[in-house]
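Before any comments, here is the structure.
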Amino acid sequence: MKATKLFDQGHQWIMFGRDPDKPQGIIDTNQYMVLAGNRALLMDPGGIEVFAPMLGAILHHAKVEQITDLFASHQDPDIISSLGLWDQALPHAKLHAPWIWEGFLRHFGMNNIQYAPIPDEGSRVSIGPVDLEFIPAHYLHASGNFHVYDPKAKILMSGDVGAALESTESPLFVDGFEEHIPKMKMFHQRWMPSNRAKNDWIKRVRQLDIEYMAPQHGRIFKGDDVKRFLDWFEQLDVGVAIQAEK
Amino acid sequence: MTSSKHHAEDKFVALASIAAELNSVMAVAWGVSLAAKNAKVISAQSGDKGLGFQPITEFIDEIAQQAMQGVQDINNEALHLTKIAVAEQRSVDAFRRFDSVRNKNDKARYIGSMSIAMQRVEQHMLESTQAMKKSLRNLNALLESMDECMLSARAIASVSRIVTSNAQEYRDKLALVADDLDKATVFIKEKLSDSYQHLKNVDMRSSR
């Protein structure tokens, strides 16, 4: 699994993904880690199948005991079905996840890790000296959903928003926004159910100073491409499966 | 990894099969208990002629109650064993994945920090294996106890035939109860034999 540093000034943001040994048939995912001093937060740590390569990749950057916090943007298996394994590797860790998913996430096996429910309005967490914000992104696509914003690094980990379903060979960054649109259009139209929720999120996110918008699938948006994405997403009609039924 | 999963599924299927085999025993034991209660009424109606049969009907009912309690105890132990087997399987799975991390990343700067997690999971595996062995012994003892209960039932069925032969006009009705008990005993013994075979499979598949 490849590891790429997105930010390294006092604390680090590392993106893990593009695993060439990923089993066939499972969707490619991006995992992120904020490393600050003796603590680390793993964001959307992935499914069972990526657990071993993910942990292996982390151990080049941090010790097991440094991983004190996990974050799950929502409850999907590609996000957090590895929870039962993390539970045995990190029995003293905390899992920050939407409050509504606690009873569901425990089905993955959570006997040791502490569940830290995120309220609907969002909250903050400190990883050592770094303050991070959990930004509400409900119904994008899950009914309880959060993104993680780091005001110092100016990075928004945007979960499934901005996702594109691509191969493990695809570049890490969007390098031509117009050419990238076909790769993400169907995903957003089908997976995102609500125009109202989408516009509410865009309004909130436009107030943030973002240098990198880092989704859980596909490529990272950098600089002006973040604004281009927000503009494109704003005019996109989502929830199309309902329309298809008419 | 594939063979491990297959092996685990077999273990869980074997445990579920014990519960399934013995659930049918519950219905049969309930039937015997009902027949014993009917027999009590019949022997009471037969007056002096049924006197010899009255204590027998008490025994039959007691045996049926014991069989039902035995099935309940076996099911509880099988459920407990399934939970331990799930915990063991999780530890085994975690250990294998941790081991894969260790083997494939020997050059990782912090690979040494895996050792505490590995020791902890190994300890869990050991504890689960010991708990499984204990539970398997308990389950075996419960099945043996049920087997002994069925031996007593067969003896009572034989005795009741001798007793019923003196009951004249109620002979046929009481003989029917004795036959029911005999058939139920044969049925339950078959189910116990199948359960022993499933238990043997669990035992064999528990050793890693």
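Since this is a predicted model, take the numbers as computed values, not measurements. Chain letters run A, B, ... following the sequence lines, proteins first, then strands; residues in each count from 1.
- Within the model, atoms OG of B/Ser113 and CG of A/Leu55 stand 8.0 Å from one another, a figure rounded to the nearest 0.5 Å.
- More than 12 heavy atoms of other residues, nucleotides or ligands lie within 6.0 Å of CG in B/Asp179, so this atom counts as buried by the packing criterion.
- Here A/Gln88 contributes atom CD and B/Met125 contributes atom CE; the two are 10.0 Å apart, rounded to the nearest 0.5 Å.
- Residue A/Lys63 qualifies as open at atom NZ: its count of foreign heavy atoms under 6.0 Å is 12 or below.
- Counting heavy atoms of neighbouring residues, nucleotides and ligands inside a 6.0 Å radius, atom NZ of B/Lys189 exceeds 12 of them.
- Between A/Asp87 and B/Arg90, the closest side-chain pair of non-hydrogen atoms is not below 4.5 Å.
- Heavy-atom contacts from other residues, nucleotides or ligands closer than 6.0 Å to NZ of A/Lys183 number more than 12.
- In this structure, A/Leu59 and B/Asn105 have side chains that are not in contact, with every pair of non-hydrogen atoms separated by 4.5 Å or more.
- For A/Phe134, the CZ atom counts as densely surrounded, since its 6.0 Å shell holds more than 12 non-hydrogen atoms of other residues, nucleotides or ligands.
- Enclosure of atom CD1 in B/Ile116 is not indicated, since only 12 or fewer non-hydrogen atoms of other residues, nucleotides or ligands lie within 6.0 angstrom.
- Ranked by heavy-atom pairs under 4.5 Å with chain B, the list A/Leu90, A/Ile48, A/Ile58 is led by A/Ile48.
- Counting only distance, with no hydrogens or angles, the side chain of B/Arg120 and the backbone of A/Ala89 share a donor-acceptor pair below 3.5 Å.
- Scanning all heavy atoms of the two residues, the minimum distance from A/Gly56 to B/Ala108 falls at O-CB, 4.4 Å.
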